[in-house]
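Comments concern the structure below.
Numbered from 1 within each chain, the chains take letters A, B, ... in sequence-line order.
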Protein chains: 2
Amino acid sequence: MLEKVEPRKRRRVTSTDVAREAGVSQSVVSRAFSEDSSVAQATRARIFDVAKRLGYRQNRLARSLITSKSSIFALVTEDFANPLVHRFIASLMHILRSNDHHLLVFGTPPGDHIDSAIENALQYQVDGILVLSGSPSDSILAECHRSAVPVVILARDRGDAPATSVSCDNRYEAQRVANVLVDAGHERFAFVASRIRSLSFSLDREHGFCETILARGFDPAIVVNGESTYAGGYKAGIELLSRPDRPDAIFCSNDSMAIGVLDAARLEFGLEIPRDLSVVGFDDLPMAAWKGYDLTTVRQRIEEIVSTAAEILLDPNYLEQSAWMSRLVPGELVLRGSTRRKSAEDKASMTARRKSG
Amino acid sequence: MLEKVEPRKRRRVTSTDVAREAGVSQSVVSRAFSEDSSVAQATRARIFDVAKRLGYRQNRLARSLITSKSSIFALVTEDFANPLVHRFIASLMHILRSNDHHLLVFGTPPGDHIDSAIENALQYQVDGILVLSGSPSDSILAECHRSAVPVVILARDRGDAPATSVSCDNRYEAQRVANVLVDAGHERFAFVASRIRSLSFSLDREHGFCETILARGFDPAIVVNGESTYAGGYKAGIELLSRPDRPDAIFCSNDSMAIGVLDAARLEFGLEIPRDLSVVGFDDLPMAAWKGYDLTTVRQRIEEIVSTAAEILLDPNYLEQSAWMSRLVPGELVLRGSTRRKSAEDKASMTARRKSG
DNA sequence: CTGAAAGCGCTTACAG
DNA sequence: CTGAAAGCGCTTACAG
C-alpha cells in the first residue's frame, strides 16, 4: 500500500532545511557539498549527518543555473534502430560515468531534420552535443558555437560541415579490404551500399573500395544499394548472385547486410562460403563472430572513438581553438571464415591490426 | 576556421535581453513563450521576431526550477549490453518525443548497485524513473516516493518490491510455449536459463515452463544455466545435446541463447531443425526472423509495455493512488520454422495471437 | 572558517 | 493585456 502523498506537501529537502537543522548558514551547507571548499571538518561532518537524516540531495539543475554547466551531454541521432548507435551509447555511458556526466538522448521524428533535436538539446543547456547520424545544418552548428556548446560528429567524416568529427577511417579500411580480397585471388568484386543518405560513411567505404579495385587493374566493382538491414542485404545478395557476371567477393557497408548476403548465397544459391564466394562486412557486431556466420569484417574501435570525442567535449579550452578537427581512428580488420585466403596465410594469425593512423 | 569565442563572452541570450530589445517587461516575454498565457497578438509577434533575431532559446533548466517539472525521465539499467534495453530506449524515445519529454540515461558501474543510479537520477529532478534491470532496494523506492518521483519497473514482475511494474506475462507465455511443444508431440524438454540474477524474469519463464511440462505428465524439464548471450546458448546447447537423454525440445530464456543452441545443434551435432530438435526463444529480436534461423519465439510487445509505463509516469494523479500496480502485457507467440508442429497445423497461420490479457 | 547578499533565468500570483 | 516583485535552490565573491 502507498502512503498517500499530498501534492502540496511534495517539497524537496533543500540546503536551507539542512542549514537550519544543522545551525549553520545555507552557504556553508553548499560549500560542504562541494569538494574543494573550506569548511571545518566538524561542521562538514555535522552537515552530512543532518543531510542524511533529512534525505537531502543536491538539486543539480539549480546548481547548473549558476555554474552554467549541467554535466549533461546530448546524444542526437536520426536512427535509433541502428545497432551501432546502441554500442555508442553503451560506450559513452561507461566513459561519462567516470566523469560524473550524464547522457540526455534526443531523437529526430522520422520526417524531421536533425536540427530540431539539436535545438532541443540547446534548451537543456547541455555541456556538449554528440551527433550520431544526420547532417546538422551549418546554421545550427554556428548557433551551437555561438552558445559555446561544443559539437562532435561521431562515426563519420564531417564532410564540409563546420564541426569537429571523430570517426573510423572508412576510406582507408575499405581500401585495405579491397587489397586483401585482391591478394587472395578474387576477380569479380561487388559493393553493397546503404541507401540511406544520412549514413554518409557508406560513401567513403564505397569510394575506398572501388578506387582500389580499379587501381589494382580489375573491372569496376558492381555497386548495388539496399536498406542497411539483414533483409536489405539478403535482397542485394540475390540481385548480385543472379547476374551472369556473378561476383566472387562482396564487400558490404555493414555487418547486418553482409550477413544477409551470406544467407542469400547459402540458402538461395547453395553456395559454399568462402569457396564460392567471400563476404566482408563492417562494424564487427556480435553477430559477426557467431559460429554460423564467422564473418570477416572491419571492427570499429568504438571505445576509442567515443573516448576521443569525450575528451574533446570535456576540454575546457576546446572552444578557444581556431579550427575544426577531423580525427580518424584506425579500425581493425578481423579475418574470419567468410573470406578465402592465400594458402600461405591460412595458418597465420586471424586478426591483422593496424597500430597507428 | 573557428571564430574565437572569449570564455567570458559566452553569455546566453535570456528573456531579459529579448524584453529589453522588444520594449516589454521580462514577464511578458516569459508569457509569450508559454502556450496558454494572455499576451496581445501583436506583442507576441514582436517578441517572437526579436527572439529569433537574437537567437533566444528558453532555458528549460531554469524553468524547471520554478515549475518543479523537468520534462525529463530517467532510464536506469545495469545492463547496457542487452539488446532488449535498446529496443526499450528506442520505443521510449518515440513516445516521449510526442510529449515533449526527454530521456536521461543512467547506468550502473559493473560492481555497483542500481540504487546509486537512481540516487543520481533524483539529483536531476527527473519527473519519473524507469528501471530496466537491477532490483532497487525498498529504501530507495521509498525515497523516490517521498520525493514524489514515480518509479516504474519495466519488463519484469516487481516481485515484492514496493513499486509499480509493467511487464510481459512471462509465466503465462512460458506455459503456452510448453503446451505448444507438448501438443506437437515432443517428449523430452529442457530450459536454458539466464545465470544473471538481475534478470529475474528468466525465473518466471522457467517456472511457467517447468510446471506445465510436469502438469502435462512428462519428466521434469532439464534446466541448465548460461550467460544470456549467443555464446552462452551455444555452450548450453552442447551440454544438453551431449546428454544420453537428449531433449527434443529446448526453450531458452531469450533469443540470443536460442540462436546459440540452434547453431550448436547444427554445427556440432549435425542435427536438422526442427526434425531432430525444436528450439524456442523469447523476445523476437530481429535476428529471430532471419532466414538462417527462422526461430519460433515469444514476442514482447515493447511498444505496449513502454506506452503503458509512460502513461503511468505521466499521470498527474498517480502518486495519490493508494496501491502499487503490476500490469501484465500479453506477448505474442510467433511460430516459425524452428519448431515441429502437428501436421494439421502445418499449413495454418504462422502466427498465433492472444488478443487480451 | 563562516555568513549575508547577490544573482543564475525563469514562472507566477498580484495589482493595475 | 502588462509590469513589478517574489521566489525556485543553488554558487560565489566579499567581508568579517
Q: State which residues pass side-chain hydrogen bond (donor to acceptor under 3.5 Å, both in side chains) with B:Ser167; sequence neighbours excluded, sorted by chain then number.
A: none

Q) With sequence neighbours left out, what residues match B:Ser34 under side-chain hydrogen bond (donor to acceptor under 3.5 Å, both in side chains)? A) B:Ser37

Q. Can you tell if the side chain of B:Val29 reaches within under 4.5 Å of the side chain of B:Val24, non-hydrogen atoms only?
A. yes

Q. Going by heavy atoms in the side chains, are B:Phe88 and B:Thr77 under 4.5 Å from each other?
A. no

Q.
Test: ring-ring contact (aromatic ring centres under 6.0 Å, His included). Region: residues 41-65 of chain A. Which pairs qualify, not counting sequence neighbours?
A. A:Phe33-A:Phe48, A:Phe33-A:Tyr56

Q. Quick one: is C:dC1 close enough that its OP1 or OP2 comes under 4.0 Å of any side-chain N or O from A:Ser38?
A. yes

Q. Checking all strands, does A:Ser64 fall into the base, sugar-phosphate, or nothing category for heavy-atom contacts under 4.0 angstrom?
A. nothing

Q: Could you give me the CA-CA distance, side-chain angles and deciding distance for A:Ile302 and A:Leu84, then say whether side-chain contact (heavy atoms from CB on, under 4.5 Å) is met?
A: CA-CA 9 Å; A:Ile302 294 192; A:Leu84 209 60; 4.0 Å; yes

Q: Produce a footprint string for nucleotides 10-16 of chain D: one letter per nucleotide, 5' end first; B if the base is under 4.0 Å from any protein heavy atom, S if only the sugar-phosphate is, - if neither.
A: BBBB---

Q: Flag yes if more than 12 heavy atoms outside B:His94 fall under 6.0 Å of its NE2 atom; otherwise flag no.
A: no

Q) With Watson-Crick and G-U wobble geometry limited to distances under 3.5 Å, how should the secondary structure of DNA chain D be encoded in dot-bracket form, using | for bases paired to another strand and [ ] for crossing pairs? A) |||.||||||||.|||

Q. For A:Glu143, what residues pass the salt bridge (charged side-chain N to carboxylate O under 4.0 Å, His left out) criterion, not counting sequence neighbours?
A. A:Arg146, B:Arg57

